Asks: 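What follows is a structure written as C-alpha cells; I'll ask about it next.
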Protein chains: 2
Amino acid sequence: MKNLTLKQFRYFEALARHGHFGRAAEACAISQPALSMQIKALEEELGAPLFERDRRQVRLTNFGEEIALRARDILRALDDLEGFARASRGRLVGRLRIGVIPTVAPYLLPSLIADLIRLHGGLDLHVRETLTPKLVQELNDGRIDVAIVALPVSEPSLTEAPLFTEEFVLVRPRADEGQPVPNREALREMRLLLLEEGHCFREQALTFCNRPTHAAQPRGLLDASSLSTLVQMVEAGLGVTLIPEMAVGVETRSASVSIARFTNPKPSRTIGMVWRTTSPLTAQLLQMSETVRRSAGALGQAAAARA
Amino acid sequence: MKNLTLKQFRYFEALARHGHFGRAAEACAISQPALSMQIKALEEELGAPLFERDRRQVRLTNFGEEIALRARDILRALDDLEGFARASRGRLVGRLRIGVIPTVAPYLLPSLIADLIRLHGGLDLHVRETLTPKLVQELNDGRIDVAIVALPVSEPSLTEAPLFTEEFVLVRPRADEGQPVPNREALREMRLLLLEEGHCFREQALTFCNRPTHAAQPRGLLDASSLSTLVQMVEAGLGVTLIPEMAVGVETRSASVSIARFTNPKPSRTIGMVWRTTSPLTAQLLQMSETVRRSAGALGQAAAARA
DNA sequence: GTTTTTCATAAGGACGACTTATCGTCACAA
DNA sequence: TTGTGACGATAAGTCGTCCTTATGAAAAAC
C-alpha cells in the first residue's frame, strides 16, 4: 500500500473527469495504455475497483467517488505547496530572526524594520538585541539567522558583509562647547564614561584612547548600560564620552551636551551583517545588506548634514 | 515542477524529524545517498533549500518549515485515503442506489432496508420505485446500482440472481368466502381487476389467465395503480383480483375480502435482483442477495403460516 | 459481415532510483 | 600538527518502473 503515487492520482482524476480512457490519456499527455496501467495499478493498491468499465462509458464506483474526493484534496494541497514554493523563490519568507548589538539597535532598527516589511511583506521578523559574543553563539546554533554587529567578527563559520563605517564623536558638557577638541592623548587624561564590559563599543573606545581594554577600571561603578545613559551622565557633569555618529541624532536631541568630532586620527567602527556561511538565505541576505547599506547611507548623510 | 513525488515528501519528513541523513535514511529503509539525492531533487524542484546543512546539524530552513507543514498535511491525507480504502475492502460503502418494482417495494423494503443498515452501517441508501423497463434503463445508464424485479429480465448486460418465488392468490369479496376456487378458465370469465399497463404483475396475471396481454382492455378505466387499490376495489364489489403472496398480509389485514389459493396450475412469479454484469459491486451484491433470500424466506414462511 | 470504437495486454526501450564504493570536509584528539 | 572518525555529497553500475507502439478482444454501428 506504500506505492501510491501522485501521478496515479493525477491520472485517476483525469479519468474520473473525462470518463474516457483515451481522452483522459490525451489530457495527461500520455498514451492510453499508460493510463490504463496506472489506473489498474491504483485499483490494485487500493484493493477495490475505482471505475466500472462498460463499452459505453467509464463510471466511478462509490468507492471511486470517495477516493476521488480525497485524491482531489491531496492534489489541491500539492498545488498549494507548489504555489507557495514558486511564490517564495528567492524571496525572504516566513520567520527571519535577526540579532543586533545594543549600540546599533535603537538607531538602525526603525528604518531597517520598515525597509524589510516594505520589501518582504508578510515577513515574520524576530529581533533580538544582545552582545556580539552571544549573537555569534546564537548564529552558530541556528537560533538566529543573521546578526548586525561591529566587524570584524572573525568567525570562520560566518560570512561578513560590511554595511557602513561611522565615526565616533565626543560628547562633553554644554559648557565645553567651543573648547578645542582633545586628541587621543588628551582624551586619555579625561574622565571617560563607558558602557559596561562586554559591549564591543567599549573596547573600541578604549582602543582609540590607547588604554588597556581589559585593565580594571577604577570607576567601574559608573559604567553605563546604554548610550542614552552615557549621554545623561555627561549632561550631569560626570565626564565625557564617545558615541557613534548614528546615535547623535537620537541621544543628543534633548540633552544639553556638546558634540565634537575628532580629527586625525578619527575613531570609527564598521557595522556589518554576519550569517552562517552555510545559510541558504545567503543570496537574500546579501540583497538585504544592499538595502541596509543604502538606507544607512541616507541616515549617515542626514547625520552629517545635521552636524 | 510536476515531478514532486510522495516518496520525496516521506523522505523529507523523515529528515526533518531526525535532522540526520543517516538516521533518516535508516528510518526510510534506504541508503543514505538515496535519501540525499531525493532531498536534493526535491529542493531543486521547489527552487529553494529546505535544509541548512552544517557539520553539526541539519536544520530546516524557514522555507523548509512551511513546506514540512504542507507535506505533513498531504501525507496525512494520504494515510486517511489508504485507511479508507483498507476499511472499505469488500464491503458495501457509500451510496447504494436500489430500484424496486411497485408490486414488491411496499412488502420487501422495510425488512430489506433494515437488513442493509444492520449489515453495512453508514450505507447511504437510495431507493427508487418504478416499473421494470425504467429500472432496466436506469441500470444500464448507471443511475442505479441494483434492481429488484420479477425475473427474467433477459437483458444481456445484466446479471440476475433469483431471490424467491411466490404464488399469486385470488382476492374476492368476503361474500365469496368458501366458494370453490376458480381455475384459470373460470377466472377468465370473471371480472378481473388489474394494475395499470406497464406493471409486470399485470402481464403475469393476464398470462396466467391466458388472456392476450396487449389486447385493449374495455374497462381500462378501472385499472388500479397499486395492489392496495385493487384490494379496495374488490372490497367494493367491483370484481376479483390477484395479488402476490407477499402482499397478502399488508393488503388484506384491514379489508373484508376473501383470499383463495389456486391449485394446479398455481400462478407465481420469481423475484430477483439484477445488476450490471460489469458492476464492481458484484461480489457484494451476491452476498446481499443471500441476505435477502434468507429474510424473504422467513417472510414467506410467516405468510404461509398465516394462510 | 465488416468496420469502428474502446479498453486491455504484450514487448521493447528509456529513464530513474537504488545500491555500494569513494571523496571532501570538518571536528576532535593525540 | 596530524591522524581519525563522522557525515554528507558524489560516482558508477544495476535493476526496476513506466512509457511507447503494436496488437488483441469484444461489443456496437453501419
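Bear in mind that the values here come from a model prediction, so they are computed numbers and not experimental data.
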Asks: Does the side chain of B/Leu46 come within less than 4.5 Å of A/Phe84's, by heavy atoms?
Replies: no
Asks: Do nucleotides 8-21 of chain D as a string where each nucleotide becomes B, S or -: B if the base has a protein heavy atom under 4.0 Å, S if just the sugar-phosphate does, - if no protein is that close.
Replies: BBB-------SBBB
Asks: Kindly say whether A/Pro49 contributes a backbone atom to a donor-acceptor pair with the side chain of A/Thr61 at under 3.5 angstrom?
Replies: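 Flag set: sc A/Thr61 to bb A/Pro49 pair under 3.5 Å.
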Asks: Thinking salt bridges, do A/Glu196 and A/Arg202 make one under a 4.0 Å N-O criterion?
Replies: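 No, A/Glu196 and A/Arg202 are not salt-bridged.
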Asks: Please set out all donor-acceptor pairs under 3.5 angstrom arising from side-chain atoms of residues 142-161 of chain A, sequence neighbours excluded.
Replies:
| from | atom 1 | to | atom 2 | distance (Å) |
| --- | --- | --- | --- | --- |
| A/Arg143 | NH1 | A/Asp141 | OD2 | 2.9 |
| A/Asp145 | OD1 | A/Arg97 | NH2 | 2.9 |
| A/Asp145 | OD2 | A/Arg97 | N | 2.7 |
| A/Asp145 | OD2 | A/Arg97 | NE | 3.2 |
| A/Glu155 | OE1 | A/Asn140 | ND2 | 3.2 |
| A/Ser157 | OG | A/Asn140 | OD1 | 2.7 |
| A/Thr159 | OG1 | A/Thr277 | OG1 | 2.9 |
| A/Glu160 | OE2 | A/Val153 | N | 2.7 |
| A/Glu160 | OE2 | A/Ser154 | N | 2.8 |

Asks: Using five base pairs at each end to define the local axes, how bent is the helix from C/dG1-D/dC30 to C/dA30-D/dT1, to the nearest 10°?
Replies: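 Answer rounded to 10°: the end axes differ by 10°.
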Asks: So does B/Arg293 pair up with B/Glu290, basic N to acidic O under 4.0 Å?
Replies: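 Salt bridge: yes.
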Asks: Rounded off to whole Å, could you give me the CZ-to-C1' distance for the A/Phe51 and C/dT6 pair?
Replies: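 Roughly 15 Å, once rounded to whole Å.
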Asks: Between A/His18 (NE2) and C/dC7 (C1'), how many Å, whole number?
Replies: 17 Å
Asks: Would you mind reading off the distance between B/Leu42 atom CG and C/dG16 atom P, rounded to a whole angstrom?
Replies: 16 Å
Asks: Does a salt bridge link A/Asp73 with A/Arg70, judged by any charged N lying under 4.0 Å from a carboxylate O?
Replies: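 Salt bridge: no.
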Asks: If I take atom CD1 in residue B/Ile39 and atom C1' in nucleotide C/dC18, what distance separates them, rounded to the nearest angstrom?
Replies: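 Checked: the CD1 to C1' distance equals 15 Å.
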Asks: Would you kindly say whether B/Glu52 and A/Thr278 are connected by a side-chain donor-acceptor distance under 3.5 Å?
Replies: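 Short answer, yes.
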Asks: Is A/Glu26 salt-bridged to A/Arg23, going by a charged N under 4.0 Å from an acidic O?
Replies: no
